[in-house]
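Remarks on the structure that follows.
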Amino acid sequence: MQFHFKISDAERERDNAAASSSSVNPHAALQPQQPATLVEPKDAQHEIRLQNIVATFSVNCELDLKAINSRTRNSEYSPKRFRGVIMRMHSPRCTALIFRTGKIICTGARNEIEADIGSRKFARILQKLGFPVKFMDYKLQNIVATVDLRFPIRLENLNQVHGQFSSYEPEMFPGLIYRMVKPRIVLLIFVNGKVVFTGAKSRKDIMDCLEAISPILLSFRKT
């Protein structure tokens with residue numbers, strides 16, 4: 001199977017390729033079920049879609065949350081329900097959770113570039129309000145992505161063989177929860193072949209995870 005990320009216009013303008021060394025993967029010891037008679041065509045393409053990017057950063061100063069809420073139109077502040085200011089942005093479409101300490105969580109961006117631009121715009125808004133802002137400690141914390149393998153999966157059998165990594169309780173949740181050790185990613189695997197990745201720190205994490213899990217899932221393909 002071949003996988004590729006859905007590329008946005010913004011990402012085409014920035015070419016960021018990264019490579020890092022690989023080490024032993026504990027999941028490699030678990031071989032796909034044999035025989036795996038159904039094999040995907042070599043030219044099969046599966047588009048990986050980024051759904052949400054969560055980033056954190058600091059503005060390195062204490063913030064007056066009441067003042068921020070009163071002086072901006074795109075924010076809300078209800079300290080009894082949530083101790084931070086929720087500020088929304090339309091371009092790029094993302095949301096910031098702003099805390100008194102100057103720590104900020106940016107969520108809702110659809111790719112890494114939007115997360116970076118959105119975070120810097122939020123910091124700029126606070127700077128315009130008069131706070132001595134310094135944009136610091138920016139870090140991607142979570143990348144959520146999806147892929148459709150386009151074949152049904154026998155989740156019960158997968159859970160029986162890979163129980164040390166998985167949990168499956170269809171009465172409570174329709175998907176199988178699979179915890180990869182390397183890279184450290186949690187997958188939600190559904191019977192229709194759709195997979196959700198959470199906890200990734202980079203696109204390479206997702207690709208490495210797919211390379212490890214796709215032959216296993218193919219071997220549990222429903223016939």
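Numbering starts at 1 and runs along the sequence shown.
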Original post:
Can you name the closest pair of heavy atoms from Glu62 and Phe131 and give their distance?
Top reply: O-CD2, 4.0 Å
Original post:
What do the steps show when you test His162 against Ile216 for side chain to side chain contact (heavy atoms under 4.5 Å, CB included), and what is the final call?
Top reply: CA-CA 10 Å; His162 291 251; Ile216 293 173; 3.5 Å; yes
Original post:
Given side chains that start at C-beta, do those of Val59 and Phe122 come closer than 4.5 Å, heavy atoms only?
Top reply: no
Original post:
Other hydrophobic cluster members with Phe190, side-chain heavy atoms of Ile/Leu/Val/Met/Phe/Trp/Tyr under 4.5 Å, chained?
Top reply: Val144, Phe173, Ile177, Val186, Leu188, Val196
Original post:
Backbone N or O of Asp208 within a donor-acceptor pair of the Lys182 side chain at under 3.5 Å?
Top reply: no
Original post:
Is Ser78 reaching over with its side chain to a backbone N or O of Arg81, donor-acceptor style, under 3.5 angstrom?
Top reply: no
Original post:
Can you get from Val85 to Leu97 by hopping between Ile, Leu, Val, Met, Phe, Trp and Tyr side chains that sit under 4.5 Å apart?
Top reply: no
Subject >> Side chain proximity check, Lys222 to Val191, heavy atoms < 4.5 angstrom >> reply: yes
Subject >> Derivation and outcome, side chain to side chain contact (heavy atoms under 4.5 Å, CB included), residues Ser119 and Phe135 >> reply: CA-CA 9 Å; Ser119 296; Phe135 188 80; 4.0 Å; yes
Original post:
Are Leu65 and Ile86 grouped together when hydrophobic residues (ILVMFWY) are joined by side-chain heavy atoms under 4.5 angstrom apart?
Top reply: no
**OP:** Verify ring-ring contact (aromatic ring centres under 6.0 Å, His included) between Phe99 and Phe82, making sure each step is shown before the conclusion.
**Re:** CA-CA 10 Å; Phe99 300 94; Phe82 182 69; 5.7 Å; yes
Original post:
Looking at NZ of Lys121 and CZ of Arg124, how far apart are the two atoms once the value is rounded to the nearest 0.5 Å?
Top reply: 12.0 Å
**OP:** Verify the neighbour count for atom NZ of Lys201: are there more than 12 heavy atoms of other residues, nucleotides or ligands below 6.0 Å?
**Re:** yes
**OP:** Please assess Arg179 against Ser167 for the test side chain to side chain contact (heavy atoms under 4.5 Å, CB included), listing each intermediate value before the final yes or no.
**Re:** CA-CA 9 Å; Arg179 293 175 173 83; Ser167 61; 3.8 Å; yes
Original post:
What pair of heavy atoms forms the shortest contact from Thr72 to Ser75, and how long is it?
Top reply: OG1-OG, 2.6 Å
Original post:
Between Asn159 and Ser166, is any side-chain donor less than 3.5 angstrom from a side-chain acceptor?
Top reply: yes
**OP:** Please round to the nearest 0.5 Å and tell me the distance separating atom CZ of Arg100 and atom CG of Leu63.
**Re:** 9.5 Å
Subject >> Side-chain heavy-atom pair Met87, Ile104 within 4.5 angstrom cut-off >> reply: no
**OP:** Without swapping roles, check the side chain of Asn192 against the backbone of Pro152 for a donor-acceptor pair under 3.5 Å.
**Re:** no
Original post:
For the atom pair CZ (Phe220) and CD1 (Ile153), what is the distance rounded to the nearest 0.5 Å?
Top reply: 10.5 Å
Original post:
Going from CZ on Phe165 to CD1 on Ile213, what distance comes out if it is rounded to the nearest 0.5 angstrom?
Top reply: 9.5 Å
Original post:
Between SG of Cys61 and NZ of Lys134, what distance do you get to the nearest 0.5 Å?
Top reply: 10.0 Å
**OP:** Identify whether Met136 and Ile125 are in the same connected component of the hydrophobic contact network (ILVMFWY, side-chain heavy atoms under 4.5 Å).
**Re:** no
Subject >> Note, Phe151 side chain near Leu218 side chain (heavy atom, < 4.5 Å) >> reply: yes
Original post:
Of all heavy-atom pairs between Ile206 and Ile143, which one has the smallest distance, and what is that distance?
Top reply: CD1-CG2, 3.9 Å
Subject >> Ser91 OG to Glu114 CD distance, which is reported to the nearest 0.5 Å >> reply: 8.0 Å
**OP:** Evaluate the criterion side chain to side chain contact (heavy atoms under 4.5 Å, CB included) for residue pair Ile48 and Met207; output intermediate values, then yes/no.
**Re:** CA-CA 9 Å; Ile48 306 166; Met207 292 301 295; 3.4 Å; yes
Subject >> Single-linkage hydrophobic cluster Tyr168~Phe197, side-chain heavy atoms < 4.5 angstrom >> reply: yes
Subject >> Ionic contact status for Glu76 with Arg88, cut-off 4.0 Å >> reply: yes
Original post:
Below 4.5 Å, heavy atoms only, C-beta onward: do Leu140 and Val54 meet side chain to side chain?
Top reply: no
**OP:** Could you tell me whether Arg154 and Glu156 have a side-chain N and a carboxylate O separated by less than 4.0 Å?
**Re:** no
Original post:
Does any non-hydrogen side-chain atom of Thr56 lie less than 4.5 Å from one of Lys139?
Top reply: yes
Original post:
Quick check: does any side chain N or O of Arg93 sit under 3.5 Å from a backbone N or O of Ala109, one acting as donor and the other as acceptor?
Top reply: no
Original post:
Does any non-hydrogen side-chain atom of Ile113 lie less than 4.5 Å from one of Ile117?
Top reply: yes
Original post:
What is the ring orientation for Phe57 with Tyr138, classed by angle as parallel under 30°, tilted 30 to 60°, or perpendicular over 60°?
Top reply: tilted
**OP:** Identify the two heavy atoms, one from Cys209 and one from Met180, that lie closest to each other, and give their separation to 0.1 Å.
**Re:** SG-CG, 3.6 Å
**OP:** Please report the closest heavy-atom contact between Thr198 and Ile185, naming both atoms and the distance.
**Re:** O-CG2, 3.3 Å
Subject >> Least distance between heavy atoms, Ala123 atom then Val133 atom >> reply: O-CG1, 3.8 Å
Original post:
Does a side-chain heavy-atom distance below 4.5 Å link Thr146 with Leu50?
Top reply: no
